[in-house]
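Have a look at the structure below before the remarks.
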Amino acid sequence: MNDNEIKPSTNFIRTIIDDDLKTNKYQGRVHTRFPPEPNGYLHIGHAKSICLNFGIALDYNGKCNLRFDDTNPVKEEDEYVNSIIEDVRWLGFDWGPMVLYASDYFEQMYEYAVQLIKKGKAYVDDLTADEIREYRGTLKMPGKESPYRDRSMEDNLDLFEKMRSGEFPDGSRVLRAKIDMKSGNLNMRDPVMYRILHSTHHRTGDKWCIYPMYDWAHGLEDSIEGITHSICTLEFEDHRPLYDWYLDELDIYHPQQIEFARLNLNYTVMSKRKLLQLVKEKHVSGWDDPRMPTISGMRRRGYTPEAIREFADRVGVAKANSTADIALLEHCLREDLNKRAKRVMAVLKPIKVIITNYPEDKVEELEAENNPEDASAGTRKIYFSREIYIEEDDFREDAPSKYFRLAPGKEVRLKHAYYITCEKVIKDDKTGEIIELHCSYDPKSKGGWTDDGRKVKGTLHWVSVQHAVKAEVRLYEHLFVKEFPEDNPDGTTFIEQINPESLIILKDCMVEPGLKTAKLGDRYQFLRNGYFCLDPDSIEDKLVFNRTTSLRDSWAKIEKKLES
RNA sequence: UGGGGUGUAGCCAAGUGGUAAGGCAGCGGGUUUUGGUCCCGCCAUUCGUAGGUUCGAAUCCUGCCACCCCAGCCA
């Protein structure tokens, strides 16, 4: 045994599976599923569930189905099924030969319902929706039985068939399970199994006008597919007795449902309803706005599937409600990007520097490493000349004590190039604004090093003026200013907590010429600035980059302390 | 006495009767041609709380407290 061995992450669900394997409960099978309703885009919370379910299948040599829980035609659309398929695939998972749909089992479910009716365990109810609610009772008061509860089996069969054949209008009747109107668990108070909905389904069209309810359908779907461990979120815990009741009454294959706490993340919102509101009210540019916690938004932002999977792994799986820190997500991102991103130089807020003792027409080609973390990434040539751009924030006229970037009279290193010393600050006579800096360079420092032992602490990134390519850069921050945007005792809404600086567009950035050939999906580290990727808004001659995330910035911390 | 859950550090989370893993955040230091990365160190005498059982309790028992979910013909 090696002490340094990495322990595979485990959790209570895997413990249950281990036990089931020991007792041979499912003949050694492990079969999970990810069952989204196609009524919205997937978000990071779904990613946790996806990684959990597909991850278990992978580790236990089992299977995981991708199954659309499409039992409500009024909310579901093909646009959503397509985006979900794309997202799960992008996250890196496979689900076997085909995508599955609950709607493929509608006929089978109907037959099962007929069985329950024949068994005297289900009945057609003529009560209105309002009446059903009244009859259900309250949390503390028992419900009462519907007057239609004791219809004959023949009447129920006949009525149910007529429901199916379209003889009744929406809402006029439902099929209910006959269980216990006095149960402490409201889910057991004669739950509705089918409702009438004359609505076109995205897959079955107008074939059906009755649709199964979640509680009735879901266990059947799992049973039909031979799922062993049906993993879902906590709010379904008190639906489990009903899940079990249906399968037991039907006497069919019985998976086991296991519940875990869904992911919450600070500085964002996760409910589909709220995400939809952000999109509809145009607070963001769409479901794939890089500030959204959606998979498509994160993909556009530059997140990698690896980083998301690592996050899902590290955040853990348990039953306690919790809110993960978005800093952990960002840590996983940086960890991955640090290994793979090509380093390039890009000046976001340019200020011009003229190197007065450098020949006017000279251009040098210098060698630059592409990734200090990965020698196989190789090197590239960069151009150096008399006029360059450096970052506005890398120069201070009045530098604080610990500031070791450029300041009047101070010497810094230009990464991969030369040492320069600031000799003169040129300002606009009227506005006092700094126009350019005059510096001198030390020809003996080529490559950014001298052997005289001189201490040059600061290293700046730069771009040659005549070689620079202009680009637009979009800087993103948390979408909300508050850690818990939904928690507002003052009566404001989460919309009012939107961070006005969550998107800052910089239009005059100057980047290395090599970036002209950047492709979608390429990851870069703009040296000392952060990780960036090309945005699909880029067109010929107009580069647009998204900041995926900044680099950790210990100088910012020091400066903050200095101020206080 | 409606029913179902959960409480371990600022945030997650292991631990299943033998004397509190790990990660993130934070703090201190070292290396560094990115104030990045990397490396080293610090960070719970205590597990919601009060009792009890035991040689020994985060783990077992009892009471209490706090928080979350459920009254869709949504999922």
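All chains are named by letter (A, B, ...) in the order of the sequence lines, taking the proteins before the strands, and each is independently numbered beginning at 1.
A/Pro191 comes within 4.0 angstrom of nothing in the nucleic acid, heavy atoms only. At a threshold of 4.0 angstrom between heavy atoms, the contacts of A/Tyr211 with the nucleic acid are absent. Residue contacts for A/His218: at a heavy-atom cut-off of 4.0 Å it reaches no nucleic acid atom on any strand shown. Across all strands, A/Leu127 comes closer than 4.0 Å to base atoms (heavy-atom distances). Looking at heavy-atom distances under 4.0 Å, A/Tyr403 makes contact with a base. Counting non-hydrogen atoms under 4.0 angstrom, A/Val456 reaches nothing in the nucleic acid. Contacts of A/Ile132 with the nucleic acid, taken as non-hydrogen atoms under 4.0 Å apart, include base atoms. Residue-level contact check: A/Gln525 touches the bases, meaning some heavy atom is under 4.0 Å from a base atom. Looking at heavy-atom distances under 4.0 Å, A/Ser322 makes contact with sugar-phosphate atoms alone, never a base. Within the nucleic acid shown, A/Val174 comes within 4.0 Å of at least one base atom, counting heavy atoms only. Note on A/Leu329: nothing from the nucleic acid sits closer than 4.0 angstrom, heavy atoms only. Base engagement by A/His239 is indicated by at least one non-hydrogen atom pair under 4.0 Å involving a base atom. Residue A/Lys182 is classed as having no contact, given no heavy-atom separation below 4.0 Å to the nucleic acid. A/Tyr194 comes within contact range of no nucleotide atom at all, as no heavy-atom separation falls under 4.0 Å.
Nearest to the side-chain atoms of A/Ala318 among the listed nucleotides B/G35, B/C73, B/A14 stands B/A14. Residue A/Ala327 has its side chain nearest to B/A25 when only B/U37, B/A25, B/U34 are considered. Ranking B/G5, B/G36, B/A14 by closeness to the A/Lys319 side chain, first place goes to B/G5. Here the side chain of A/Met213 is nearest to one of B/C11, B/A14, B/A75, namely B/A75. Proximity note for A/Asp553 (side chain, C-beta onward) versus B/G3, B/G35, B/C74: the nearest is B/G35. Each of B/U32, B/G35, B/C24 was ranked by its minimum atom distance to the side chain of A/Ser554; first place goes to B/G35. Relative to the side chain of A/Arg136, the nucleotides B/U34, B/G72, B/G35 differ in distance, and B/G72 lies closest. The A/Leu551 side chain lies nearest to B/G36 when the options are B/U32, B/G36, B/A75. When distances run from any side-chain atom of A/Val192 to the nucleotides B/C73, B/C74, B/G35, the shortest one goes to B/C73. Nearest to the side-chain atoms of A/Lys557 among the listed nucleotides B/C73, B/G26, B/G35 stands B/G26.
With A/Arg340 as the partner, the salt bridge (Lys or Arg N to Asp or Glu O under 4.0 Å) test is satisfied by one option alone out of A/Glu306, A/Glu373, A/Glu335: A/Glu306.
The base of B/G36 lies close enough to the side chain of A/Glu373 for a donor and an acceptor atom to sit less than 3.5 Å apart. In terms of polar N and O atoms assigned as donor or acceptor, the side chain of A/Arg334 never comes within less than 3.5 Å of the base of B/U37 in a complementary pairing. A donor N or O paired with an acceptor N or O is found under 3.5 Å between the base of B/G3 and the side-chain atoms of A/Asp238. Judged by distance alone with a 3.5 Å cut-off, a donor-acceptor contact links the side chain of A/Arg405 to the base of B/G35.
Classification of B/G28 as anti follows from a glycosidic angle more than 90° from 0.
Separation of the C1' atoms belonging to B/U34 and B/A21 is 34 Å when rounded to the nearest angstrom. Comparing the same atom, C1', in B/C12 and in B/G26 gives a spacing of 15 Å after rounding to whole Å. Comparing the C1' positions of B/U19 and B/U59 gives an interatomic distance of 12 Å, to the nearest angstrom. The same atom, P, is picked in B/G10 and in B/U45; the two are 10 Å apart, to the nearest Å. The gap from the P atom of B/C60 to that of B/U6 amounts to 13 Å, rounded to the nearest Å. Taking the P atom of each, B/A57 and B/A20 are spaced 12 Å apart, rounded to whole Å. Between B/G7 and B/C47, the distance separating the two P atoms is 15 Å to the nearest Å. Taking atom C1' on both B/A44 and B/G22, the two are 14 Å apart, rounded to the nearest angstrom.
Taking the six-membered ring for Trp and the full ring otherwise, A/His201 and A/Phe106 have centroids separated by under 6.0 Å. A centroid separation of less than 6.0 Å is found between the aromatic rings of A/Tyr101 and A/Phe68. The aromatic ring centres of A/Trp462 and A/Phe384 sit less than 6.0 Å apart. Side-chain rings of A/Tyr243 and A/Phe236 stay apart, their centers remaining 6.0 Å or farther from each other.
Positionally, the nearest nucleotide of RNA chain B for A/Glu237 lies more toward the 5' end than for the other of A/Glu237 and A/Thr71. Between A/Asn371 and A/Asp70, the residue anchored nearer the 5' end of RNA chain B, judged by the nucleotide with its closest heavy atom, is A/Asn371.
The base-pairing partner of B/G72, taking Watson-Crick or G-U wobble contacts with both distances under 3.5 Å, does not exist among the strands shown. When both distances must be under 3.5 Å, the Watson-Crick or G-U wobble mate of B/A66 is B/U6. Within the shown strands, B/C27 is the pairing partner of B/G41 under the Watson-Crick or G-U definition, both distances less than 3.5 Å. With a 3.5 Å ceiling on both atom-pair distances, B/A20 lacks any Watson-Crick or G-U wobble partner.
Proximity of a side-chain donor or acceptor of A/Arg343 to a complementary backbone N or O of A/Phe526 within less than 3.5 Å is not detected. No donor-acceptor pair closer than 3.5 Å links the side chain of A/His478 to the backbone N or O of A/Phe480. A side-chain donor-acceptor contact under 3.5 Å links A/Asp553 to the backbone of A/Ala556.
Salt-bridge annotation for A/Arg67 and A/Glu225: present, with a side-chain N of the basic residue lying under 4.0 Å from a carboxylate O of the acidic one. Ion pairing between A/Arg405 and A/Asp393 holds under the 4.0 Å rule for side-chain N and carboxylate O.
One can place CZ of A/Phe532 at 13 Å from C1' of B/U34, the figure rounded to the nearest angstrom. Atom CG of A/Leu328 and atom P of B/G23 are 12 Å apart (whole Å).
When the side-chain nitrogen and oxygen atoms of A/Arg413 are compared with OP1 and OP2 of B/U34, none of them lie within a distance under 4.0 Å. For A/Arg240, no side-chain nitrogen or oxygen approaches OP1 or OP2 of B/G4 to under 4.0 Å.
Here A/Tyr214 does not lie in a stacked arrangement on the base of B/A75, lacking the combination of planes under 30° and ring centres under 5.5 Å apart.
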